[in-house]
Amino acid sequence: MGFNLDKLLLFLLCVVLLASEGEKVCGLRSVDHVLRYGEEGGLAQKNRRILANVHVVSFDAGKKSAAKSSAFDSNSTSKRRVRRGSDPIHNRSKSNNNWYHLTLHSPLLRIPNLHCDYLIINAIEPNVARPRSGAETPPSNSVMAGVRPARPATGFRAFFSYKVFASAVFTLLSLAALSAILSSSSSPPSHNTASAVVRRRGFLASDPLRARLDLIYRQAADHSALATAYATYARRLKLDSSRQLRVFQGLAATLSDLSSRLAAPVDDEDALRPLEKEAKDRIKLARQLVGESKEAFDTQLKIQKLRDTIFAVREQLHRAKKLGALAGSIAAGSTPKSLHCLAMRLMEERIAHPETYRRAASVAPADLADPDLYHYAIFSDNVIAVSVVINSAIKNAEEPSKHVFHVVTDPMYLAAMQVWFVRRPPARGAKVEVRSLAEFGFLNSSYSPVVRMVEGGRRDLSVLDHLRFYLPEMYPKLRRIVLLEDDVVVQKDLTGLWRVDLDDMVNGAVETCFGGFRRYSRYLNFSIPEVRDQFSHRACAWAYGVNVFDLDAWRRERCTDRFHQYQSLNEDGTLWNPASVLPAGLVTFSTTTKPLDKTWHVMGLGYNPSVSPDEIRNAAVIHFDGNMKPWLDVALNQYKHLWTKYVDTEMDFLQLCNFGI
């Protein structure tokens, strides 16, 4: 909003003229008038008290002189001191006339029909009191009320009092500052040139073109910003039609140029009219384009928001899967209270009868290393899981006496494992050997990189899980061995695995890939040159659980050395996840694995609730791979009975430990 300076100056002039009227002064010739109009007339003592603080000013006929101080005498108010002459009245100008002046605003003195600001009393007494310091003097325009007017005072104070002058100056400065503030806030920062042109038209002259010029400028600037915003959104949303992007960019450039021309000086109506017409046309075009494109832009924005929402949901799902996998791994790796109780009960039994179990452990069958028998290797510290694997294999074997089970466990659980198989020996002539991994002296830090890493503080590695890479060293007299995980259940006779032709391959396993899933790219980091140059990311992966190893071919291919090489390269965990043992097997036996028939090994019972019942029924071995192990409370109920039917429920320690079977 603008501020008209000529109206401001007219207003100030009126204020000064109104404020320049002086205060009126009235005068009385005698104190008797005061006594006559006193509120309590006749009381001289009260009137003396009233006039005690009266300011006295002496006036001379030609000039003003200082008043003399003297005591006030009420009796002398009616007397006059005259000089020699024919008429004392004509000699009045030569005498010193003393004037009492007091303000009529005092409540002690009210005189009817007297409209004055000050009252001056002529006592004609030289011996009156001197006015006190700081007392006011009578104003200039004095008019005597009742007898005669006072003589007017001369000088600047006669026209303009100090208080009125200070108020007027203060008002003028305040209004000038307010005008400057309003003028600066009314014009935009980018319109300085146009504002300067308007101010150059005159200080008091008004500019009728200013309002129109400001309005056109603001509209052009606003629509230029709108067109620029739509062009930016079109570029961001990558609209299929690039024509809209070009149109909005051109329109924004045109409006910006028009705004710069509107900031130039405009002197008259003729110069403003073409600019106004052009601005209206451009603004109309901008509104039309925005109206036509708004729906398309809204649709694109909705699509973009939907894409962002889908991306956010995918990220949340990915995080939820990772957290679920972590929680599942913790649950699967933890030891349930019942299993811990069982191990403690078995250890207590060993401590209570040490001689009995020592003699039983020292008597080992002579044919444990017979290569003509069927040998199985099981590496676990779970007593009841190992017993289920052995019981299921023996119950489904055609010749159980030819089956030998080599169990290797942690030294902490060795005594519990021995007590179990002494108290519940395998049926039908099968043989079980229980050993501790500490009994294999070649497993030291100088030979095995896994032992070196574990001794160096790596807690994500397990020596017991990596024993499968040392089978030729652990059983040097054997030619073939079957590796069984502790979470499998044998449903058929496994002697057919010894008749499988491996074609001079080391490992016989069931492949798990289908389509693009479970390829080498899932388990290995192909961004590392050592992996990318040696393996194919499309190679099919296989699974542990049931594996047939030709130990003679193993020794010939030096697979253990190959394992040591890649395990040393993966010391920092860049080639694969160190917590998983399958990637190490994939790189070790990548070129020496023979696929087996899928009926030998059916997987997924530990995570997939949709495994076909026919596949389960026809499988030789079912595998509870995943986190839902059958001995845990989180196990899938539809598969749990396949495992519990092989649990030796006659073992008294199971009842003591509250196994829910």
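One-based numbering along the sequence shown.
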Identify the residue among Val611, Ile622, Thr512, Val621 that makes a side chain to side chain contact (heavy atoms under 4.5 Å, CB included) with Met603. Thr512
Is the count of non-hydrogen atoms from other residues, nucleotides or ligands lying under 6.0 Å from Met412 atom CE greater than 12? no
Say whether, by atom type as modelled, one donor and one acceptor occur between the side chain of His601 and the main chain of Glu511 under 3.5 angstrom. no
By side-chain contact (heavy atoms from CB on, under 4.5 Å), Pro476 pairs with (sequence neighbours left out) none
Quick one: list whatever passes side chain to side chain donor-acceptor pair (under 3.5 Å) with Glu615, sequence neighbours left out. none
Residue list, salt bridge (charged side-chain N to carboxylate O under 4.0 Å, His left out) with Arg458, at least two apart or on another chain: Asp460
Lys/Arg N to Asp/Glu carboxylate O, Asp652 vs Arg423, below 4.0 Å: yes
Under a plain distance cut-off of 3.5 Å, with no hydrogens placed, do Tyr374 and Glu399 share a side-chain donor-acceptor pair? no
For Asp597, all residues meeting side-chain contact (heavy atoms from CB on, under 4.5 Å), sequence neighbours excluded: Thr599, Trp600
Can you tell me which residue pairs pass the side-chain hydrogen bond (donor to acceptor under 3.5 Å, both in side chains) test with a partner in residues 376-388, sequence neighbours excluded? Tyr376-His403, Ser380-Asp486
May I ask you to decide if the ring planes of Phe526 and His537 are parallel, tilted or perpendicular, using 30° and 60° as cut-offs? perpendicular
Among residues at least two apart in sequence or on other chains, which ones pass ring pair (Phe, Tyr, Trp, His ring centres under 6.0 Å) with Trp542? Tyr544
Residues two or more places apart in sequence or in another chain: which of them pass salt bridge (charged side-chain N to carboxylate O under 4.0 Å, His left out) with Glu557? none
Going by ring pair (Phe, Tyr, Trp, His ring centres under 6.0 Å), name the residues that satisfy it together with Tyr520, two or more places apart in sequence or in a different chain. none
Side chain to side chain donor-acceptor pair (under 3.5 Å) with Asp648: which residues, sequence neighbours excluded? Arg424
So, Ser590 versus Arg562: side-chain donor-acceptor pair below 3.5 Å or not? yes
Nearest-0.5 Å distance that lies between atom CH2 in Trp420 and atom CD1 in Ile384: 5.5 Å
Counterpart residues, salt bridge (charged side-chain N to carboxylate O under 4.0 Å, His left out), relative to Asp372 (two or more places apart): Arg479
Results of side-chain contact (heavy atoms from CB on, under 4.5 Å) for Phe442 - residues two or more places apart only: Phe440, Tyr447, Tyr470, Glu473, Met474
Can you name the side chain to side chain donor-acceptor pair (under 3.5 Å) partners of Asp465, sequence neighbours left out? none
